[in-house]
Each structure stands twice: as structure tokens, then as C-alpha cells.
Amino acid sequence: MEGVHADLLGDLSQSVSSFQEDLEAMGMDNKVLTVIFSEFGRKVVQNGSQGTDHGTLSSMFLIGKGVEGGVVGNNVELSDLDNLGAPNPEQIQYDYREVFSTVLQDWLGANDNSLQSTFLSPDYYQNRPALINPNNLVPASCYVTPQPPVTCACIQVKVVLQGFYNTVTKKMHTQLLGANQLPVSQPYSAAPFNYAGTESVTAWPDGTVDWLLLELRPANNLGQVTARKAVLLREDGMVMSPDGTPGVSFDGVNDGLYHLAVLHRSHLGIVSAEPIPTESPSFLYDFSNGPGQAMGEDQLKLIGQVWALRAGDADHNNLINNQDYNRWKQAQGQPAGYDAYDLNADGQIDEQDQLLWRGNRSKLGQLK
């Protein structure tokens, strides 16, 4: 065989041979498995540089003492091509993910759950080719579940509450703080929140509006809560810790993809439309920036030029309906302290709260 392609294959062969010789010299040749894979596949026809161009199918090589030697599968029929000169993709015999699943379990000892979470479709791990020598197979009793690294989800968050927002000042009011009605300890310990956090305030940061409850939820299971944190909301919409430090930090969280949920005692909860990055303390997720920042249809309400959480879910069931109205009706006319039915937090349960509820009734949240 001659040409550029032949030269490249010769370089590969020599490199792998040298690597294997080095492993043997170090006494590690029985511990290392080499997998060679061309992610592009190849064409049969020649390209302009005297090689074969990117195509559909290719070969994979497994090299090492632990490999069951030989050829797995049959040669492709080079006369059966697609219209671009590559082998007809219907000739595929093994998906590369099937090979990787064999390596992960039979050589590295990953358990079935690990294969399922990695490849998602059972097509890639239920019919794995036998590629590892039986004497080198990891026994099922030794399978392990890899543990993801523990990290800190640290981000900046901006949120606006409809009931508190003033379109003239373009800020949320701080009447609860001025009236000394804010609880010094987080207020989400009762049902349905049932949050057991111990966050509390020693000295109120300037511009404090109210408490929020934030949650991290896995991107593949929004019904599951991975971490929770009670935080303070500042008049400009920025979230801060009880000591006034901007942002929120979820410590001890496994690395992964998470959506951010925002809960408030009188507003409809929301969840971020996109996963948030972990360990990005300068990253800002701004829910007030547009309706698409929250997952689901019509979850945010436009107030002036900002998008805000909808006021009215005072019974915290992720639905603004007549139950909220009935409870408001029972408390109407009474002075409010720190009451969820005082939707605008002005110290009175009155017609202004009812108007907020009416503008949002029948709205259903995304959270469960």
C-alpha cells in the first residue's frame, strides 16, 4: 500500500508499537488498554491530498494484553457506497458506544447504572461485543459507581417580585424592613416548603426586600431537589446571603447540570429555562431580563420594563386560583404583619392585593 494514507497508518502503527514496548519495559502492559478510534469515519474514494476523506464508517482498534485478540465483525462491502463515496451506513455492525460500554464495564468495572446514565439508550450497552479476554474481565462483584466530584454552585441571581415592584423608582420597595416586619430567621420552615435551614440575620443589609428560597434541581429530573438555600432579596433584584454578600452558594453539590428554582411566600415559583453553571461566582442569571428566562409558558409578568414573578400564590401550591382569593377574602381589611395575603407587602390586606391576584388567576407554575 502506498500514498499519504498508507504513510499515516504506518506512523500510527509505529507509535502504538513504541508505546506498548514502553509499557512492557515498565511492567504495566497488563494494566493498560489502548483504544484507537477515528471519529469521522472514512470514504472509499480518494480526496485531493491522496488520502480518504471523512465518511460514514471506520474501524476501531483495541490493543493490550487484556484484549481478546482477533477481528470482530466482517469487512464492509466497498462496492456498496452512498452518493458521496462513503460506505453505505446501513453496513454498520457495531456502534462506537457499544465498544466504549464494553471497555467501561469489562475493563474498568463500571456498573449497569453507570452505563445507563452514560449512554441513556439501552441499545449501546445491552448488546456489548465481547472484546476483553475472559481472564481479564472485571467480575460483577467488583463493579463500582463512579462518584462525581463535589463542587460549589456559586452564582449571582436577579429576581423581581411583581407585588413589591415600583415602576417609578424601578426598584422594589422595602416597607417590610422599614416596618420591622421581616423575620430574622428564614420563614420557609413550615409546610409546604418544609425547609430546615438555619439561615438568620444579625444586622439587616441595606435595601432588603424579603426572604426567598432557592433550589437546585437536576436537569434530568426537575421534580428532585438537590440543594436548598434561603437568601435575601435586595431592592434592585439581586439575591444576597443573610450577611449581605451578593450571590448564592450551594456547598457540597455534585458536579452536574442543574436548574435554579426561585420560591417566594406570596408569588408563583419559577425555575430557570436553562441549566446554570457550577463554580461560576461571576455568572449572573437574570430572571427579569425576559420571559424566556423561566421555564414554561407565561411564567413571568411584564411590569414596566422588567419581567417579574407573578403575585398571588399565597397558599404555595404552584397555582393561582380561587383558593388564594378565598383566603384573601377572609383576611380582607385586617392589618398585615408578615402575611402572605398582603401581596404587595404594604401592611394592609386590601383591594390592591385582590387586583394583583385577579391579574394572575389561573396561572399554573412549573414546579412540583
Side-chain angles (χ1 to χ4, degrees), residues 157-166 171-177 181-195 197 199 201 205 207-217 225 227-242 247-248 259-272 285-288 293-296 298-303 306-321 323-324 327-328 336-347 349 352-353 356-357 359-361 363-368:
V157 183
K158 187 173 183 180
V159 178
V160 170
L161 300 176
Q162 177 194 3
F164 292 63
Y165 189 70
N166 186 314
K171 294 181 179 179
M172 288 173 284
H173 70 72
T174 59
Q175 289 180 234
L176 289 174
L177 178 64
Q181 295 293 341
L182 286 172
V184 295
S185 297
Q186 64 85 10
Y188 295 101
S189 57
F193 302 107
N194 299 314
Y195 175 56
E199 294 90 339
V201 173
T208 299
V209 173
D210 201 355
W211 288 91
L212 297 175
L213 182 61
L214 304 186
E215 297 176 341
L216 287 184
R217 300 191 174 209
V225 177
R228 313 175 87 187
K229 183 67 73 74
V231 297
L232 298 178
L233 180 62
R234 201 167 64 192
E235 60 187 350
D236 61 358
M238 296 303 295
V239 162
M240 55 185 175
S241 67
V248 58
H259 288 262
L260 178 69
V262 180
L263 307 177
H264 182 259
R265 59 194 179 85
S266 67
H267 287 62
L268 195 65
I270 56 175
V271 61
S272 64
Y285 198 97
D286 187 354
F287 283 98
S288 70
Q293 293 295 91
M295 183 180 297
D298 210 19
Q299 295 293 291
L300 295 167
K301 190 178 185 73
L302 183 62
I303 308 296
V306 301
W307 293 86
L309 273 69
R310 293 179 177 273
D313 185 22
D315 62 359
H316 328 303
N317 66 349
N318 300 309
L319 173 64
I320 300 175
N321 60 8
Q323 293 182 22
D324 298 296
R327 296 188 182 185
W328 167 84
Y338 190 66
D339 196 308
Y341 294 97
D342 182 15
L343 299 181
N344 62 1
D346 66 351
I349 301 176
Q352 296 303 312
D353 304 307
L356 285 169
W357 167 84
N360 294 320
R361 61 180 175 177
K363 293 301 180 184
L364 177 65
Q366 290 290 302
L367 295 174
K368 296 180 180 179

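Count residues from 1 along the sequence.
- Between Asp210 and Leu182, the closest side-chain pair of non-hydrogen atoms falls below 4.5 Å.
- In this structure, the separation between CD on Gln181 and CG on Leu176 is 7.0 Å, given to the nearest 0.5 Å.
- Residues forming a side-chain contact (heavy atoms from CB on, under 4.5 Å) with Lys171 (at least two apart in sequence, or on another chain): Thr169, Glu235.
- Counting only heavy atoms from C-beta outward, the side chains of Asn360 and Gln162 approach each other to under 4.5 Å.
- The side-chain heavy atoms of Leu263 and Leu212, taken from C-beta on, include no pair separated by under 4.5 Å.
- Here the CZ atom belonging to Phe287 is positioned 13.0 Å from the NZ atom belonging to Lys158, to the nearest 0.5 angstrom.
- Separation of atoms NE2 (His264) and NE2 (His316) is listed at 9.5 Å; rounding is to 0.5 Å.
- Gln175 is not listed as a side-chain neighbour of Asn344, based on a closest heavy-atom distance of 4.5 Å or more.
- A donor-acceptor pair under 3.5 Å links the side-chain atoms of Gln186 to the main chain of Tyr195, judged by distance alone.
- His267 and Phe164 have tilted rings, their planes meeting at an angle from 30° to 60° on a 0 to 90° scale.
- For Arg228 and Phe193, the positive end is not near the middle of the six-membered ring at less than 6.0 Å and at most 45° from its axis.
- Partners of Asp236 according to the salt bridge (charged side-chain N to carboxylate O under 4.0 Å, His left out) rule, which considers only residues two or more places apart in sequence or in another chain, are Arg234.
- With Asp313 contributing its side chain and Asn318 its backbone, the two residues share a donor-acceptor pair below 3.5 Å.
- Expressed to the nearest 0.5 Å, how far CZ of Arg265 lies from CG of Leu213 amounts to 13.0 Å.
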Verdict with supporting geometry, Asp315 and Tyr341, side-chain contact (heavy atoms from CB on, under 4.5 Å): CA-CA 9 Å; Asp315 62 359; Tyr341 294 97; 3.8 Å; yes
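- The nearest pair of heavy atoms linking Ala314 to Asp324 is N-OD1, 3.1 Å.
- Counting heavy atoms from C-beta on, the side chains of His259 and Val271 come closer than 4.5 Å.
- Taking the side chain as every heavy atom from C-beta outward, Trp307 and Val160 never approach each other to under 4.5 Å.
- Rounding to the nearest 0.5 angstrom, the gap separating the OH atom in Tyr188 from the CG atom in Leu214 is 9.0 Å.
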CA sep, side-chain torsions, deciding dist, call: Val231, Trp211, side-chain contact (heavy atoms from CB on, under 4.5 Å): CA-CA 6 Å; Val231 297; Trp211 288 91; over 6 Å; no
Test log, rule salt bridge (charged side-chain N to carboxylate O under 4.0 Å, His left out), inputs Arg310 and Asp298: CA-CA 10 Å; Arg310 293 179 177 273; Asp298 210 19; 3.0 Å; yes
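- Heavy-atom minimum distance, Glu199 versus Lys229: OE2-CD, 3.0 Å.
- Partners of Asp353 by side-chain hydrogen bond (donor to acceptor under 3.5 Å, both in side chains), not counting sequence neighbours: none found.
- Residues Ile303 and Ala308 approach most closely at CG1-CB, 4.1 Å, considering heavy atoms.
- Distance check, rounded to the nearest 0.5 Å: CD of Gln352 to CG of Asp342 gives 11.0 Å.
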